[in-house]
Amino acid sequence: MTDPAADPVLQAFEARLAKGEKAEPKDRLPERYRRQLVRMMSQHAHSEIVGMLPEANWITRAPSLRRKIGLLAKVQDEAGHGLYLYSAAETLGVPRDELIDQLLTGKAKYSNIFNYPTLTWADIGMIGWLVDGAAIINQSMLAKCSYGPYVRAMIRICKEESFHMRQGYEMVTALARGTPAQQAMAQEALNRWWPPTLMMFGPPEEQSTNSEELVRWKVKLKSNDELRQTFVDQTVVQAQVLGLRIPDPDLRYDEDTKHWTIGPIDWQEFFAVIGGNGPCNRDRLRARREAHEDGAWVRAAAAAHAAKNPQVNA
Amino acid sequence: MPDGASQLTTPADFAFAGYLARLADSHLVLGHRLSEWCGHGPVLEEDLALTNLALDCLGHATVLLRLLGQADGTGRDEDQLAYFREAVEFRNVLLVEQPNGDFARTIARVFLFAAYALPLYEQLQRSTDAALAAAATKFHPELRYHLRHAARWMLILGDGTDESHRRLQEAIDAWWPYTGELFALWPDDPALIERGLIPHPDRVRAAWEATITEVLGQARLARPVAGMHMLLGGPIGRHTETLGYLLAEMQIVARSFPGASW
């Protein structure tokens, strides 16, 4: 790593952060900071876009018109989040096309959780309650990070995600208070979604390569385990209210720390899924590639039309 | 339920209910088809836009199905009507139930339907059924957006590249035999027109023709030959086979959990 004393850009940058100021696109930013942020923001944008797929999978089967409309609007919000985040990443000089290309070629990552399948309607409730619930904890931290455009996108996204989480919890509530078949569907879905949701916060820091620098540059303000603990404490209580069982035989409340402790997490599975071997990695990328390839002629037509009619599109 | 919804239609008014079903089911099925695009659009902005159209259609369907449940005297709510009727009980026009096809087909269908729905709901604002008139007043500006959005894409695709032009022309040709049904006069309709509940379809067709002529011209598209045989049947429950699959998918969860609420 570069010694700050030997690098005036880095020195000025770290001095600004120390005063609690945000970095902005016009500032001279250290190259590594820029790269880390592009990586994080584009990963985040890709997660929103790929994350549309498992939920969109149930739009055509939603069991009531109110749920169908709610889910459609929710997935549309995720597309909107993708747009804000691609725009925020573009402030660092990388165009959206290039970022999308990185996704489609498998060079860029997206959240692992979306490599799991949605097998029943209850999964849609679980994604809202658990996955969006976990995402908000992470995103609330990012809303206080050091890069201005990311902060502003996050503040807006967090508001919508909070709504999604409440909507998901309300969906699960309807199932948990529903017929025995609905209750069984909810419990089965929780059993599947709980372990990968815990993995969303990433492995403990000693195994994470990016963390030290991110903490120093105020991109990451809390450790993965701290964030995970916040999620566990909040969610265990919510499950109890619903009468659903958290699928962890080791789960217990620690009177000393006032926290819920959980059993071991299968990080082998986590790394296998990151490595492309989750249940849906291939399907998700194929769906994105197909949409991109099938849409190529549409984008070409729009570009050709714009080129022929500069006055209309100015 | 808006005030006055059932004044003209209590008890059951089967002719009017049949007409409401034609409207409600057309919006429902078109909304369902458009919702299939969500997550798969050609560009992110258009994914958002197609989803907006789908949301509007499903919103319209919800309102109209509630009116239908009153008019047919059964008191069924929108979900009982959407999820627990068989294909032969659906009354949507055949145009909307066909699979989406490519983006050109999807846009061309929205265009053809919105160019019909906009003048239709313009006139339905003056229906003697207060609830339908109120619904029409609410839908009208949304349908104006549908038409504007679709017409914009008609111009882009018509003008863009040889491929986009060819695909759009194929789309218009493919949908054309389904357009006659939009303006068909069914046996129950004259009495409904007489009662001031619905407009005469010829009055809607005149506005549709004007829009079609203008936009096809601007997009340099050929209008399919006059006198083509038109496919009819949706409004009397004679559908194409694809509707059964659409409903099987749409209704599967609702029907798999008897007695459930969601």
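In what follows, every chain begins at residue 1, and chains take the letters A, B, ... in the order their sequences are listed.
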Seminar exercise, completed: So CG of B:Asp79 and CG of A:Leu65: to nearest 0.5 Å the spacing works out to 5.0 Å
Problem set entry | Positions in residues 84-103 of chain B that reach chain A, provided some heavy atom is under 4.5 Å away | B:Asp102, B:Phe103
Exercise. What's the spacing between A:Met52 CE and B:Thr51 OG1 if we round to 0.5 Å?
Worked result: 6.0 Å
Exercise. Measuring heavy-atom distances to chain A, does B:Asp162 have an atom under 4.5 Å in its side chain, in its backbone, in both, or in neither?
Worked result: neither
Exercise. Relative to chain A, which segment of B:Ser261 carries a heavy atom at a distance below 4.5 Å: side chain, backbone, both, or neither?
Worked result: backbone
Problem set entry | Close side-chain approach of B:Trp37 and A:Ile59, heavy atoms under 4.5 Å | no
For this session: Answer with side chain, backbone, both or neither: which region of B:Trp153 has an atom nearer than 4.5 Å to a non-hydrogen atom of chain A?
Result: side chain
Seminar exercise, completed: Okay, B:Ile156 and chain A: the region with an atom under 4.5 Å from a heavy atom over there is both
Problem set entry | Side-chain donor or acceptor of B:Arg167 paired with backbone N/O of A:Val298 under 3.5 Å | no
For this session: Could you look at B:Ala248 and say if it's the side chain, the backbone, both or neither that has a heavy atom under 4.5 Å from chain A?
Result: neither
Problem set entry | Per-residue contact mode, B:Arg255 against chain A (heavy atom under 4.5 angstrom) | neither
Problem set entry | B:Leu55 CG to A:Lys68 NZ distance, which is reported to the nearest 0.5 Å | 11.0 Å
For this session: Considering non-hydrogen atoms only, spot the tightest contact between A:Pro63 and B:Ala254 and give its length.
Result: O-CB, 3.6 Å
Problem set entry | Exercise: identify the closest heavy-atom pair between B:Leu48 and A:Ala79 | CD2-CB, 3.7 Å
Exercise. Chain A heavy atoms under 4.5 Å from B:Leu246: which part of the residue, side chain, backbone, both or neither?
Worked result: neither
For this session: Find out whether A:Arg61 and B:Gln251 are in side-chain contact, i.e. whether some heavy atom of one side chain is under 4.5 Å from a heavy atom of the other.
Result: no
For this session: Check whether more than 12 heavy atoms from other residues, nucleotides or ligands sit under 6.0 Å from atom CZ of B:Arg223, and answer yes or no.
Result: yes
Exercise. Between the side chain of A:Arg299 and the main-chain N/O of B:Val43, is any donor-acceptor distance below 3.5 Å?
Worked result: no
Exercise. So what's closer than 4.5 Å to chain A heavy atoms on B:Asp159: side chain, backbone, both or neither?
Worked result: both
Problem set entry | Student check: side-chain heavy atoms of A:Asp294 and B:Pro42 closer than 4.5 Å | no
Exercise. Counting only N and O atoms by type, is there a donor-acceptor contact under 3.5 Å from the side chain of A:Gln76 to the main-chain atoms of B:Leu50?
Worked result: no
Exercise. So which of A:Thr120, A:Val75, A:Ile69 has the largest heavy-atom pair count under 4.5 angstrom toward chain B?
Worked result: A:Ile69
Seminar exercise, completed: When rounded to the nearest 0.5 Å, the distance separating OG of B:Ser35 from CG of A:Leu71 is 9.0 Å
Exercise. OG1/A:Thr60 to NE2/B:His32 distance, rounded to the nearest 0.5 angstrom?
Worked result: 5.0 Å
Exercise. Under a 4.5 Å heavy-atom cut-off, does chain A meet the side chain of B:Leu65, its backbone, both or neither?
Worked result: side chain
Seminar exercise, completed: Bottom line for B:Ala260: the part with an atom under 4.5 Å from chain A's heavy atoms is both
Exercise. At a heavy-atom separation under 4.5 Å, does A:Ser64 approach chain B through its side chain, its backbone, both, or neither?
Worked result: both
For this session: Compare all side-chain heavy atoms of B:Asp47 with those of A:Ile49 and state whether any distance is below 4.5 angstrom.
Result: no
Problem set entry | Engaged part of A:Leu175 at the chain B interface, taking heavy atoms whose separation is under 4.5 Å | side chain
Exercise. Quick one: what part of A:Ile100 sits under 4.5 Å from any heavy atom of chain B, side chain, backbone, both or neither?
Worked result: neither
Problem set entry | Close side-chain approach of A:Met185 to B:Phe257, heavy-atom, < 4.5 Å | yes
Problem set entry | Salt bridge A:Arg96-B:Glu45, side-chain N to carboxylate O under 4.0 Å | yes
Problem set entry | A:Leu53 portion near chain B, given a 4.5 angstrom heavy-atom threshold | side chain
Exercise. How about B:Glu78 and A:Arg66: do any of their side-chain heavy atoms sit closer than 4.5 Å?
Worked result: no
Seminar exercise, completed: Heaviest contributor of heavy-atom pairs below 4.5 Å to chain B, chosen from A:Gly178, A:Ala73, A:Ala296, A:Gly80, is A:Ala73
